[in-house]
2 protein chains.
Amino acid sequence: MATIREVAKQANVSVATVSRVINQKGYVSEEARTAVLQAIEKLDYRPNRVARSLYQKKSGLIGLILPDITNPFFPQLARAVEDVANHHGYQVILCNTDEQFQKEEAYIQALESMHVDGLIITTNYSDNPNYANTDVPIIALDRVLQGAIPTVSSNGYAGGRLAAEWLIGHGAERLAMITGPAKFPTIRKRHEGFEEAAGDRLVASIESMFHFQDALKAAEKLFSQHTFDGLFAANDVIAAAVIQAAKQRNIAVPEQLQVIGYDGIELGEMITPPLTTIAQPIYQMGEMAAKLLIERIEGGPIEASHHELPVHVIERETTKKKG
Amino acid sequence: MATIREVAKQANVSVATVSRVINQKGYVSEEARTAVLQAIEKLDYRPNRVARSLYQKKSGLIGLILPDITNPFFPQLARAVEDVANHHGYQVILCNTDEQFQKEEAYIQALESMHVDGLIITTNYSDNPNYANTDVPIIALDRVLQGAIPTVSSNGYAGGRLAAEWLIGHGAERLAMITGPAKFPTIRKRHEGFEEAAGDRLVASIESMFHFQDALKAAEKLFSQHTFDGLFAANDVIAAAVIQAAKQRNIAVPEQLQVIGYDGIELGEMITPPLTTIAQPIYQMGEMAAKLLIERIEGGPIEASHHELPVHVIERETTKKKG
DNA sequence: TTGTACGCGTTATCAC
DNA sequence: GTGATAACGCGTACAA
């Protein structure tokens, strides 16, 4: 790969002039400009971003830290981040942490030492001191971090309420809930909303991990111990497990049991019957996080804003039709 | 962030000495070493990877180019790549191309100019001249590129055959197939294998895009025009659509219609009934690609090897039990 | 065993 | 308008 020096020599000018035409800064005669442009063309020269980074202390890199891209919630998020990053000339580095503090630590260190311009973080180690101390711009996504870190999330409490109201509004009288791990604050919000709106109608509740097989077991246990005609699952994967377990027991969905999920991932439309769910605006959340981040990187104000996006029901076929 | 110079001053040695202890090269007295180590500790010094990259012409970055992380086939692949990259001290840059030549081009350029150490590519632009010319190590994944580019894929032809044999072996007599877009060579292999093993039994075939809604339409069309008792879908998403369409028409799976998918993504176990499918070793494919790449980056031989991994049936409930 | 000085490729500041 | 040249932070001959 040619260097700026070679281009300068080829065009019979100095490197300074070449730099000027590349960056469109300062004066440069028409004559010199075309000579440089030709030389660039001829040598297929492209500026070395590493060298540029060194001088400018900007790498054009954004770190995207998330638990596991394999969890169907995250690909859409990642895609959104990548889209807007790319659109602004940034590249994104994918980091899976498996919710492990250690991995997260290691990544932060590595990313800092390569001078990433910003970080988008989906984590539950809200107490990670690194986040408060570091001077690289950070946006928290789907989780609320402490300190002055801007956050984008969706309204989980409202979502939980909405789920309960939907079920009740469609005739369910005995409500059950499969919760996710209680250690996740965003998940707890959903539960709280659901519980409060369900009131006395809530007759059963059980906790499950997010993996499908765990959820299947939880669902079977729930079915064996309680009877109910409406169920809220902490996310769509769990809801899918519920539907499978119901089928197994010959419980008709939605005739005998109405099910409502959470997240709005594509899985919901692919299962049979298609899942009614509380949809988060996943793509928009990623989009907004990335936009906010880039704004800050490029000199925006350092304010700890809190962006909470609305959720909405996607009605499909695991809840009854009205009227 | 502290620089090597500050560490040197703090430890009362020269930058060369500091560099020596960091990189464990050359002689350095025990005394000096501990002084340096203390200074590093005190200043929380970490080498600037950008500067290091500039000098060494190695960035520690790997570009992962794929169509769309949102397609459920790719997260596992990406995860595998990221895992082994990380394990070897590399970071991976996520690039979605939407199968668009332009985006792909733009990414290659950007990645080259930031001096990525290697590329893992999942694409169909096998004629992209950039791949042949560039001097950064490349591995092609799930697609076969022309030129001397090592490839890792799985045996699609055998997979197609296997699907047909499985269906026939379980009593299906009239076979149908929903193919993916014919422009993808890896997909065509599956079809060929299926067609050849199906022989006269193949009574219907229709092409579909990979998106669920497209597949639904294709399935409906197929149902309206033909009768069959065994169906092979080009991938698991399409299979899920078939199952939903069958349910709609009150066709019982697997009693009246047996369905077999392809890929082995998690979706298969989440739908009802759970999907029998031809599984590719997705994670291992990503793993192997990353290992091969890093081997080459770190000085391995430049050979255009072809690694074709075996596929296998995952039996679930959309095909009949034997006997 | 240690330190000086240069180069990696770029940008920005000055003189001219 | 243009061209030397000094940074940016690091690694390494080579001299000491």
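Below, chains carry the letters A, B, ... as their sequence lines are ordered, and counting in each starts from 1. Heavy atoms only: backbone and side chains are in, while hydrogens, waters and symmetry mates are out.
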request  = Could you say whether B/Asn23 or A/Gly26 is positioned toward the 5' end of DNA chain D, judged by the nucleotide with the nearest heavy atom to each?
outcome  =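 Between the two, 5'-proximity favours A/Gly26.
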Nearest listed nucleotide, side chain of [X], among [options]:
X: B/Arg5; options: D/dT2, C/dT10, D/dG9; answer: D/dG9
X: A/Thr3; options: D/dC10, C/dT2, C/dG9; answer: C/dG9
X: B/Val28; options: C/dT10, C/dC8, C/dT2; answer: C/dT2
X: B/Tyr27; options: C/dT1, D/dT12, D/dG9; answer: C/dT1
X: A/Ile4; options: D/dT12, D/dC10, C/dT10; answer: C/dT10
X: B/Ser29; options: C/dT10, D/dG1, C/dT1; answer: C/dT1
X: A/Ala32; options: D/dC10, D/dC14, D/dT2; answer: D/dT2
X: A/Ser14; options: D/dG3, C/dT11, D/dA13; answer: D/dG3
X: A/Tyr55; options: D/dC8, D/dT5, D/dA13; answer: D/dC8

Is it true that [Y] and [X] share a donor-acceptor pair across their side chains at a distance under 3.5 Å?
X: A/Arg49; Y: A/Gln91; value: yes
X: A/His307; Y: A/Ser305; value: yes
X: A/Gln10; Y: A/Arg5; value: no

[X] [atom1] - [N] [atom2] separation (whole Å):
X: B/Arg52; N: D/dC8; atom1: CZ; atom2: P; result: 19 Å
X: A/Lys58; N: C/dT10; atom1: NZ; atom2: C1'; result: 16 Å
X: B/Gln56; N: C/dC6; atom1: CD; atom2: P; result: 21 Å

request  = Spell out yes or no: do the side chain of A/Arg49 and the base of C/dG9 have one donor N/O and one acceptor N/O closer than 3.5 Å?
outcome  =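 No such pair is found, so the answer is no.
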inquiry  = Is it the case that the base of D/dG1 and the side chain of A/Arg33 share a donor-acceptor contact (distance under 3.5 Å, atom types as modelled)?
reply    =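 Side chain to base: no pair present.
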ask   = After noting the C-alpha distance and the side-chain angles of A/Ile121 and A/Ile138, does the key distance pass the side chain to side chain contact (heavy atoms under 4.5 Å, CB included) rule?
value = CA-CA 7 Å; A/Ile121 298 189; A/Ile138 296 182; 4.1 Å; yes
